[in-house]
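Worksheet: the structure to be examined is printed underneath.
What you see below is based on every heavy atom in this structure, not just the backbone, and it leaves out hydrogens, waters and symmetry mates. Indexing begins at 1, ligand by ligand and atom by atom, following the structure's order.
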Amino acid sequence: MSIKEKINLSKLPSHIAIIMDGNGRWAKQQGEERIFGHENGVKAVRDTVEGAAEIGVKYLTLYAFSTENWNRPQEEVAALMKLLVHTINIETETLNKNNIRLQAIGDLESLPKDCYDELQEAISNTKNNSSMTLVLALSYSSRWEIINAVRQIARGVEDKKLSAAEINESTIQNYLCTYNIPDPELMIRTSGEHRISNFLLWQLAYSELYFTDKFWPDFRKEDLFEAILDYQTRERRFGKTSEQLIS
Ligand code: IPE
Ligand code: IPE
Ligand code: MG
């Protein structure tokens, strides 16, 4: 039985989020520049997207560039942005062929103009696709997102559109970039780092976390399936007791 066949399709996470980490270390291992790792990371993206779509995952969010990543050496940032424009341009056709819709979360206006334009074009060209939504987190950080949400809610209170007492979980949810996306049931991070690095802090409240030592350029759909199998062995209690879940 292949790993894929072992997956229980009736217990599939509908949203998987991935911190794609380890490109730089992967490149260093081969005696190459960091950007070589980013370039090879694209293959992993392609295979993972394909794998997720094959088994029927509804949302796949990929952390591609964080707010803090702007602080990297300027030539690495420039090369990453170039790679992004190029990849989005090339992959739009495949996304359409596979009925995948592209979305993006983050401070998109901070992206270089060619990157922003390419992204908006791909989002618009794939907007009617319905089998899976691929969400790219770009110039994204959760604290940025939460500050943004708080500002908008505060403005609503100032303008007397809502009262402070009315603010609840769904008010906050509605002002996050992911307002139209369910919370991830599963979050995967590659490269052996066990941290969240400012990713989906609100949305990951009850996600199952899965860590693998593989560097991102080595990650393939079988690794995704492995993570899903592991997820399917977990008991998600949401604060309740095991006994309550059975009855
Ligand atoms: C992840 O790989 C890609 C981005 C953050 C853009 P890294 O570039 O962080 O690789 P390491 O963690 O330094 O090996
Ligand atoms: C997190 O990886 C961001 C992305 C994968 C885009 P980093 O490599 O930037 O995270 P830290 O700095 O190791 O926490
Ligand atoms: Mg890293």
Side-chain angles (χ1 to χ4, degrees), residues 15-49 52 59-91 102-112 114-116 118-119 134-148 176-178 181 184 186-204 207 209-220 223-224 227:
H15 182 181
I16 300 176
I18 307 183
I19 302 179
M20 310 185 287
D21 197 17
N23 295 353
R25 279 164 284 164
W26 183 89
K28 198 172 168 193
Q29 259 185 358
Q30 346 250 317
E32 297 282 352
E33 298 289 323
R34 295 178 56 83
I35 188 65
F36 183 69
H38 299 314
E39 284 162 4
N40 279 276
V42 176
K43 289 181 203 151
V45 170
R46 216 175 276 136
D47 208 60
T48 305
V49 170
Y59 296 87
L60 178 68
T61 298
L62 301 178
Y63 200 8
F65 193 84
S66 74
T67 308
E68 289 75 21
N69 289 149
W70 290 112
N71 299 323
R72 290 192 177 191
Q74 207 227 314
E75 64 272 19
E76 182 175 345
V77 173
L80 265 169
M81 291 299 146
K82 215 171 126 193
L83 181 65
L84 201 69
V85 177
H86 181 69
T87 309
I88 296 170
N89 185 295
I90 301 235
E91 298 298 322
L102 186 70
Q103 248 184 260
I105 56 171
D107 185 9
L108 305 181
E109 275 157 31
S110 68
L111 295 170
D114 57 342
C115 191
Y116 178 86
E118 199 65 50
L119 184 67
L134 172 63
V135 184
L136 290 184
L138 283 172
S139 191
Y140 172 88
S141 82
S142 203
R143 288 187 176 178
W144 166 84
E145 176 185 43
I146 291 170
I147 291 167
N148 229 11
L176 297 175
C177 305
T178 51
I181 302 172
L186 172 63
M187 196 287 290
I188 300 169
R189 183 172 189 150
T190 59
S191 89
E193 304 297 356
H194 296 181
R195 55 176 172 264
I196 304 291
S197 302
N198 219 344
F199 187 44
L200 303 174
L201 299 178
W202 173 277
Q203 298 87 337
L204 293 178
S207 305
L209 308 182
Y210 179 88
F211 299 99
T212 166
D213 286 340
K214 270 205 182 168
F215 291 138
W216 178 251
D218 288 331
F219 196 85
R220 289 295 176 271
D223 299 299
L224 176 76

Roughly how far apart are Asp114 CG and Met81 CE, rounded to 0.5 Å?
-> 10.0 Å
Considering non-hydrogen atoms only, spot the tightest contact between Ile18 and Trp216 and give its length.
-> CG2-CZ3, 3.8 Å
Run the numbers for me: atoms of ligand 2, each under 4.0 Å from some heavy atom of Arg195, listed by number.
-> 11 (P), 13 (O), 14 (O)
Just checking, any donor-acceptor pair under 3.5 angstrom between side chains of Ser142 and Trp202?
-> no
Report the relative orientation of the aromatic rings in Phe199 and Tyr63; use parallel for angles under 30°, tilted for 30 to 60°, perpendicular for over 60°.
-> parallel
Run through Thr61, Leu102, Leu60 and flag the one making a side chain to side chain contact (heavy atoms under 4.5 Å, CB included) with Val135.
-> Thr61
Drop me the distance from Arg46's CZ to Arg220's CZ, to the nearest 0.5 angstrom.
-> 9.5 Å
Provide the protein N, O or S atoms situated under 2.8 Å from the Mg ion (ligand 3); waters are not included.
-> Asp21 OD1
Residue Glu33 excluded, over 12 heavy atoms near CD under 6.0 Å = no
Least distance between heavy atoms, Thr190 atom then Lys214 atom | CB-O, 3.2 Å
Are side-chain N/O atoms of Arg189 and Ser197 paired as donor and acceptor at under 3.5 Å?
-> yes
Below 4.0 Å from any atom of ligand 1, which residues have a heavy atom? Give them in chain and number order, please.
-> Met20, Asp21, Gly22, Asn23, Gly24, Arg25, Arg34, His38, Ala64, Asn69, Arg72, Leu80
Could you tell me which non-hydrogen atom of Val77 sits nearest to which non-hydrogen atom of Arg72, and how far apart they are?
-> CG2-O, 3.7 Å
